[in-house]
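Comments concern the structure below.
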Amino acid sequence: MTGYLITVEGPDGSGKSTQARLLAEHLGAIYTREPGGTELGEKLRDMVLDPSSEGLSDRAEALMIAAARAQHVEEVVRPALEQEKNVVSDRFLESSVAYQGYGRGLGPEEILDMSIFATQGLKADLIVLIDVDAPLAANRRGENLDRIEKAGDDFHSRVMSAYRTMASDDPERWIVIDGSGTVDEVSRQVIDQVEVRLEKHAKD
Ligand code: TYD
């Protein structure tokens, strides 16, 4: 027996960080995030998101995020799961497929393979997608944007449609939640649906 790894995904401005925290709190699970979750990961996150890292190439970005993920899995996620603790990660492998694979155009298969190398094969048991339309997400992002948030409307619509495609291709692992409501409304739906899936998992 190991704990469950539940990840929360969505475009910038979807409100997924708030939802990931509320879900972790409700489940009594460990909350963590990517890129980040470790000392090294947080340093890499700062470098990747800093708007002054203007010349960073797309491949370097993908590799830095993968390096942060490798450290995160080895130092935080796997040990927790092995101690039968549940983990909620605010973003994980599917962010790389959506943002670097589709958004940057590096190719979903290559990015998936690289990410699986980073996690040594570890994948999420359940993925919650906070689905919001582009105009609402852009509005919620506001004006003080990091390097990736600045990537432009086409980039962000590729990311959102990548998420929708991944979710519809693998409905067993994905839960899609309409993120347009209030924090409380969205959180209620997230918690209800995750509980249904966890009960189902326990029975299987
Ligand atoms: P995000 O999780 O949205 O944090 P905040 O809510 O503080 O803005 O920010 C992380 C950014 O990193 C986001 O723009 C998506 C990007 N990212 C990738 O491009 N690939 C990845 O694999 C991960 C984990 C994140």
Side-chain angles (χ1 to χ4, degrees), residues 5-24 31-38 40-54 56-77 87-119 122-124 127-132 134 136-163 166 179 183 186:
L5 174 57
I6 303 165
T7 65
V8 183
E9 296 283 355
D12 291 279
S14 59
K16 72 174 171 48
S17 300
T18 307
Q19 294 303 330
R21 282 189 185 282
L22 291 170
L23 177 64
Y31 166 88
T32 187
R33 70 168 182 180
E34 287 202 351
T38 66
L40 174 78
E42 294 292 331
K43 285 184 190 157
L44 288 163
R45 177 189 179 95
D46 288 345
M47 283 193 269
V48 167
L49 298 183
D50 187 346
S52 72
S53 303
E54 263 167 16
L56 188 65
S57 77
D58 292 346
R59 280 170 193 271
E61 172 185 290
L63 288 161
M64 286 162 82
I65 293 171
R69 178 165 302 128
Q71 194 69 26
H72 184 219
V73 167
E74 192 149 331
E75 217 179 292
V76 177
V77 181
V87 176
V88 174
S89 185
D90 178 357
R91 298 194 180 283
F92 196 62
L93 189 154
E94 283 71 19
S95 279
S96 288
V97 177
Y99 280 78
Q100 282 66 49
Y102 288 93
R104 299 295 193 206
L106 293 175
E109 283 90 15
E110 285 88 337
I111 294 295
L112 181 62
D113 287 350
M114 183 188 70
S115 305
I116 287 177
F117 172 79
T119 69
L122 182 72
K123 288 188 180 173
I127 307 160
V128 179
L129 172 60
I130 309 295
D131 185 313
V132 291
L136 177 59
N139 197 6
R140 285 187 184 164
R141 284 199 287 276
E143 279 171 7
N144 193 9
L145 303 179
D146 66 40
R147 201 181 58 85
I148 293 180
E149 287 169 335
K150 279 179 187 226
D153 291 349
D154 287 355
F155 174 88
H156 288 287
S157 48
R158 283 197 297 281
V159 168
M160 189 62 237
S161 58
Y163 276 134
M166 286 191 274
V183 169
V186 176

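Bear in mind the structure is a predicted one, so any value in this text is a computation, not a measurement. Each ligand, and each atom within it, is numbered from 1 in the order the structure gives. All heavy atoms count here, side chains included; hydrogens, waters and symmetry mates do not.
- Checking only distances, Asp12 does come within under 3.5 Å of ligand 1, N or O to N or O.
- Closest to atom 5 (P) of ligand 1 among all protein heavy atoms lies Arg45 NH2, 3.8 Å.
- Under the 3.5 Å distance criterion, the side-chain polar atoms of Ser53 are left unmatched by any main-chain donor or acceptor of Leu56.
- Scanning all heavy atoms of the two residues, the minimum distance from Ala98 to Val159 falls at O-CG2, 3.8 Å.
- Contact between Val132 and Ala137 at its shortest, heavy atoms only, is CG2-CB, 3.7 Å.
- When the heavy atoms of Gly36, Ser96, Ser14, Pro35 are ranked by distance to atom 22 (O) of ligand 1, first place goes to Ser96.
- Contact atoms of ligand 1 toward Ser17: 6 (O) (distance under 4.0 Å to a heavy atom of the residue).
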Please assess Tyr163 against Glu9 for the test side-chain hydrogen bond (donor to acceptor under 3.5 Å, both in side chains), listing each intermediate value before the final yes or no. CA-CA 8 Å; Tyr163 276 134; Glu9 296 283 355; 2.7 Å; yes
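- For atom 23 (C) of ligand 1, the nearest non-hydrogen atom of the protein is Ser95 CB, 3.5 Å.
- Stacking of Arg158 on the aromatic ring of Tyr102 is not recorded, the 6.0 Å distance cut-off and the 45° axial limit not both being met.
- Taking only non-hydrogen atoms, the option from Gln100, Arg147, Glu149, Arg69 nearest to atom 18 (C) of ligand 1 is Gln100.
- Close approach of ligand 1 to Lys16 (heavy-atom distance below 4.0 Å) involves ligand atoms 1 (P), 2 (O), 3 (O).
- With values rounded to the nearest 0.5 angstrom, Glu42 atom CD is found 6.0 Å from Arg45 atom CZ.
- The protein non-hydrogen atom at the shortest distance from atom 11 (C) of ligand 1 is Leu49 CD2, 3.7 Å.
- Using 4.0 Å as the threshold, Glu61 has no heavy atom nearer than that to any atom of ligand 1.
- Atom 2 (O) of ligand 1 has Arg91 NE, 2.9 Å as its closest protein atom, hydrogens excluded (heavy atom only).
- Formation of a donor-acceptor pair under 3.5 Å by the Gln19 side chain with backbone atoms of Val183 is found in this model.
- Of the protein's non-hydrogen atoms, Ile148 CD1, 3.7 Å is the one closest to atom 16 (C) of ligand 1.
- For the pair Arg104 and Tyr99, the NZ or CZ position fails the cation-pi test of under 6.0 Å to the six-membered ring centre and within 45 degrees of the ring normal.
- The atoms of ligand 1 that sit less than 4.0 Å from any heavy atom of Glu34 are 24 (C).
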